[in-house]
Amino acid sequence: MHFPAYRFVGPGRPVSADSGYPEAMTDGVVDSDELLRRIRLARDWARQQEERKTDDGTAETYRVVREVLDVIVDPSHH
């Protein structure tokens with residue numbers, strides 16, 4: 001599974017050319033804003049993948065992932 005590269009990760013934080021993620025993703029604890037930003041990126045990516053897939057089963061899988069991430073971001077969606 002390949003997530004889209006993103007370039008804004010905060011000042012002074014090096015980004016991997018291969019993945020677009022910070023080079024040291026596990027170097028420490030991320031704050032709640034960073035965690036929420038990452039979840040939103042994953043949710044948006046799942047939405048894009050859902051829209052691109054012609055196979056109903058694959059699109060359904062991405063839809064379920066997106067819906068779970070929607071609930072994490074905003075529990076009132078449940």
Side-chain angles (χ1 to χ4, degrees):
M1 181 177 292
H2 181 275
F3 287 93
Y6 59 91
R7 296 294 171 232
F8 178 76
V9 293
R13 295 179 65 189
V15 176
S16 167
D18 295 328
S19 70
Y21 287 104
E23 289 178 359
M25 199 89 164
T26 59
D27 269 0
V29 178
V30 296
D31 64 13
S32 59
D33 290 336
E34 175 68 9
L35 179 59
L36 184 58
R37 189 181 69 75
R38 291 178 189 185
I39 292 170
R40 286 179 173 154
L41 282 170
R43 179 191 60 184
D44 294 344
W45 176 82
R47 179 178 290 119
Q48 291 172 355
Q49 294 302 309
E50 176 187 358
E51 292 169 356
R52 289 182 186 154
K53 298 302 174 192
T54 56
D55 176 280
D56 288 338
T58 303
E60 177 70 9
T61 301
Y62 286 115
R63 184 188 63 76
V64 169
V65 168
R66 181 184 48 79
E67 288 179 356
V68 168
L69 295 172
D70 280 339
V71 171
I72 292 171
V73 169
D74 184 0
S76 68
H77 277 100
H78 192 329

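Excluded from the calculations below are hydrogen atoms, water molecules and symmetry mates; all remaining heavy atoms, backbone and side chain alike, are included.
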On a heavy-atom basis, which atom in Ala42 and which in Leu69 lie closest, and how many Å separate them?
C-CD1, 3.7 Å
Atom of Gln49, atom of Lys53 and distance for their closest heavy-atom approach:
O-CG, 3.0 Å
In Å, rounded to the nearest 0.5 Å, how long is the span from CD1 of Ile39 to CG of Asp44?
12.0 Å
Which residues pass the salt bridge (Lys or Arg N to Asp or Glu O under 4.0 Å) test with Arg43, not counting sequence neighbours?
Asp70
Arg63 meets the salt bridge (Lys or Arg N to Asp or Glu O under 4.0 Å) criterion, sequence neighbours left out, with Glu60, Glu67
Got a salt bridge between Glu51 and Arg47, using NZ or NE/NH1/NH2 to carboxylate O under 4.0 Å?
no
The criterion is side chain to side chain donor-acceptor pair (under 3.5 Å); which residues satisfy it with Asp55, sequence neighbours excluded?
Thr58
